[in-house]
Amino acid sequence: MIGSSEIAQRVKIIASEINREYESKNPLFIGVLNGAFLFMADLFKEVSISCEIGFIRVSSYNGLQSSGAVKNVIGLSENLSGRHVIVVEDIVDTGETALFLLEEIRKQNPATLKLATLLFKPASVKKNIKPDYIGFEIEPAFVVGYGLDYDGQGRNLNDIYVLNET
Ligand code: 5GP
């Protein structure tokens, strides 16, 4: 679906926008594991202003409500007040994960909060969410590669592929 050179070009463009918009703001990039690790690494290498990095993980667990899975954030720093935070995601599909994360981070009163995602599926989004930085808008197919997995496999592929479900 998307080749590595196209990804690299797009990552450079996003980094240059961030370099311009965040100069002297020492932004804190928060990557969402596992999927965003390659995008985060490549983006971070192209950012030339002062900045910091951290990673979180979102886990689902069965809460007491019968409504099903309740999400939980692991590894979130407690010092986000006044910081310029950029959440870095691999993909925004329904938007549920990203919206949940942004709400959790907002509780800590960051100075600004933006969302960068490598991939965005506008046709799948169910929540009122529009990422601030988008690598590529894609059709609602299941994709693998460049950090994204199918059943744990495929994260090491350099390009992004549509999974052949047959
Ligand atoms: P959400 O539906 O909450 O926006 O997306 C939640 C998570 O589902 C993403 O962070 C990602 O881990 C996974 N996901 C959604 N669409 C895809 C896809 O096309 N490929 C892969 N590998 N993961 C996906």
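Please read all numbers here as calculations on a predicted model, not as lab measurements. Counting convention: from 1, in listed order, for ligands and their atoms alike.
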Exercise for the section: Compute whether any side-chain donor of one residue and acceptor of the other, for Tyr22 and Glu17, lie under 3.5 angstrom apart. Expected result: no
Handout entry: Atom pair CG/CD1 of Asn158 and Ile2 - distance to nearest 0.5 Å
Key = 13.5 Å
Fill in the blank from the handout: In chain-and-number order, ligand 1 lies under 4.0 Å from a heavy atom of each of Glu89, Asp90, Ile91, Val92, Asp93, Thr94, Gly95, Glu96, Thr97, Lys121, Ala141, Phe142, Val143, Leu148, Asp149
Practice task
Output yes when Glu104 and Lys71 qualify as a salt bridge under the 4.0 Å nitrogen-oxygen rule, no when they do not.
Solution key: no
Fill in the blank from the handout: side chain to side chain contact (heavy atoms under 4.5 Å, CB included) filter on Asn19, not counting sequence neighbours, yields Val47, Ser48, Ile49
Acceptor/donor pairs from residues 135-153 side chains to any protein atom, 3.5 angstrom cut, sequence neighbours excluded:
{"unit_1": "Tyr146", "atom_1": "OH", "unit_2": "Asp42", "atom_2": "OD2", "d": "2.6"}
{"unit_1": "Asp149", "atom_1": "OD1", "unit_2": "Arg155", "atom_2": "NH2", "d": "3.4"}
{"unit_1": "Asp149", "atom_1": "OD2", "unit_2": "Gly152", "atom_2": "N", "d": "2.7"}

What pairs of donor and acceptor atoms, side-chain ones from residues 23-39 against any protein atom, are under 3.5 angstrom apart with sequence neighbours left out?
{"unit_1": "Asn26", "atom_1": "OD1", "unit_2": "Cys51", "atom_2": "N", "d": "3.4"}
{"unit_1": "Asn26", "atom_1": "ND2", "unit_2": "Glu52", "atom_2": "OE2", "d": "2.9"}
{"unit_1": "Asn34", "atom_1": "OD1", "unit_2": "Arg57", "atom_2": "NH2", "d": "3.0"}

